[in-house]
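These figures come from a predicted structure and were not determined experimentally. So that the names make sense, note that chain A is the first sequence line, chain B the second, and so on, each numbered from 1.
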2 protein chains.
Amino acid sequence: MQPLFRRLSYYSKLTDEDGKTLSGMSLRDHSYAPGEDIIRRGEKTSQVFVIKQGWAVRYITLEDGRTQVLNFMLPGDIFDLQVFLDDEVDHSVAAVTKVTTTVVNSDSILSLFAQGSSIAAALWWTTVQEEGILREQIVRNGRRTARERVAHLILELHRRARIVGDAGADCMELPVSQILIADCLGLSFVHVNRVLRGLEKEGLIKKNKGVLTILDRAKLIETSGYSEEHLHLNGPPRRLSFMAVAE
Amino acid sequence: MQPLFRRLSYYSKLTDEDGKTLSGMSLRDHSYAPGEDIIRRGEKTSQVFVIKQGWAVRYITLEDGRTQVLNFMLPGDIFDLQVFLDDEVDHSVAAVTKVTTTVVNSDSILSLFAQGSSIAAALWWTTVQEEGILREQIVRNGRRTARERVAHLILELHRRARIVGDAGADCMELPVSQILIADCLGLSFVHVNRVLRGLEKEGLIKKNKGVLTILDRAKLIETSGYSEEHLHLNGPPRRLSFMAVAE
DNA sequence: CGTCCTCTTGAGTAACTTCAAGTATTGTGG
DNA sequence: CCACAATACTTGAAGTTACTCAAGAGGACG
């Protein structure tokens, strides 16, 4: 549960005690090979899992094979607090790299909420963050040019990787093919390639064996119109507002 | 709270008692003129409100004026159960028509959850539904053609309007300008116009003074690839899975 | 070492946008 | 209730962005 703990404690004060609590919630680990499905659309699942290692994607495929990546999942990301409805999930999740997940005891999550733990507030915050990322995805793909989209996505992914400690100040491992980037941004992979090469030629980024380096962050932000509001980086409150009611 | 009750009881069995409970939660109403903002990005709000009458949009505007509509809000739609974080909201909501909202006492929502009311399950379901709609929006705008997008949106809006009793079997009031449709689908309004005229010429739809009629549903579904999985129309369970735990 | 997948680049094309100008519709103040 | 203004709709023509097709190069993997 390290990545989750790191993510939750990035802006929220969690104690060592909280760390132990989190570790205790983890039931068992599971590994997936690159490309393997972790959850398939239409399945019913009452399980909550956390990405422990590696990258995954939430995605939906149309009948004719067109696929849309909804969002990337990094270590510390959770699927899915909404699971309590016991309904069929409406999208799939696949491993991008080798992925390790931890299945979490959902009862223990619930008791965290019942107890008013600050972990619960942090978990709630992650779902707000996730929704913010989804909304930003809609704006990005709906109203930005290809160039803006690519630059914007790079900045977002770097930031998210950095939060869980998987990236340097201006560089990161980006284990994502241009095909996936295209499926995320609603573009053809050929065009994504051209845009990336363009950004490289202009000296904004550099890519070398899966490591992406941001060479000119200021220009990258300028061309993408990137801002971080949607990530809700102020972090969770120590308690959810409704917890105060119970006191 | 009529529209909310209607929406919740569309697939879930709610008693008259539940109806009264819902009515009792409503604190006060508020009206908005067309175009007026109901909530502005960056505001903090700890209020939950329900659309009682009229249509609204969730939207985000970029610095240079480009606007993306995230989603339409119909009577019975809720903003926003995520509010308990007491954080700044990351998008705005504006009235499209004249809109009446009801502000809801968030404490009473919480006690519904505490009591394990079936209303709580239904409310949770609406948030799952809303997320499904957001995801479908990403797929639609990312991987469908303009023609598919327009047809798809029409079918979705009709379905949602019908659930709250605001539409006939194949016709509905669609109080939405082509400009808004364009901002929702990530297209120019000129192109939306051409696509709509095309669909009319081919006899798939008809529009007359704000009333849209679906003339050939089968073809409309065929050209759009529409399916309703994302609306989670099986509806909420009577109880959330975690409520069983508490028993 | 060969196969498969990803990346790269060019050339031609299709989908959608922008610009522009005119028409209908809706709202508003006298 | 009418006249006028403002907004939304419609259509054409030209331009641009991004797509498709194609073919070769570079890497990863068994």
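- Computed from coordinates, the A/Phe189 CZ to C/dC5 C1' distance equals 11 Å when rounded to whole Å.
- Distance CZ (B/Arg144) to P (C/dA15): 17 Å, rounded to an integer number of Å.
- Between B/Leu196 atom CG and C/dC16 atom P there is a gap of 14 Å when expressed in whole angstrom units.
- Nucleic acid contact class of A/Gly186 (heavy atoms, under 4.0 Å, all strands): sugar-phosphate only.
- Note: CG (B/Leu180) to C1' (D/dT7) measures 13 Å, nearest angstrom.
- Taking every side-chain heavy atom of B/Arg197 into account, D/dT10 is the closest of D/dT10, C/dC16, D/dA8.
- If you measure from atom CG of A/Leu185 to atom C1' of D/dT17, you get 15 Å, rounded to the nearest angstrom.
- Rounded to an integer number of Å, the gap from CG of A/Asn141 to P of D/dT17 is 18 Å.
- Rounding to the nearest 0.5 Å gives a distance of 7.0 Å between CZ of A/Arg149 and CG of A/Leu185.
- When the side-chain nitrogen and oxygen atoms of B/Gln178 are compared with OP1 and OP2 of D/dT7, none of them lie within a distance under 4.0 Å.
- Along DNA chain C, the nucleotide closest to B/Lys209 and the one closest to B/Val190 are compared, and the more 5′ of them pairs with B/Val190.
- Atoms CD1 and CD1, on B/Ile138 and A/Ile60 in that order, are 8.5 Å from each other to the nearest 0.5 Å.
- Between A/Arg194 and C/dT8 there is no side-chain polar atom (N or O) within less than 4.0 angstrom of OP1 or OP2.
- When the side-chain nitrogen and oxygen atoms of A/Asn193 are compared with OP1 and OP2 of C/dC7, none of them lie within a distance under 4.0 Å.
- In this structure, B/Glu148 places its CD atom where more than 12 heavy-atom neighbours from other residues, nucleotides or ligands lie under 6.0 Å away.
- The only option from A/Thr101, A/Thr100, A/Thr102 that meets the side-chain hydrogen bond (donor to acceptor under 3.5 Å, both in side chains) definition with A/Asp29 turns out to be A/Thr102.
- Around atom NZ of B/Lys207, more than 12 heavy atoms belonging to other residues, nucleotides or ligands sit under 6.0 Å away.
- Nucleotide C/dT18 holds its C1' atom 13 Å from the NE2 atom of B/His191, rounded to whole Å.
- Looking at heavy-atom distances under 4.0 Å, B/Ser188 makes contact with a base.
- If you measure from atom CD1 of A/Ile179 to atom P of D/dG27, you get 17 Å, rounded to the nearest angstrom.
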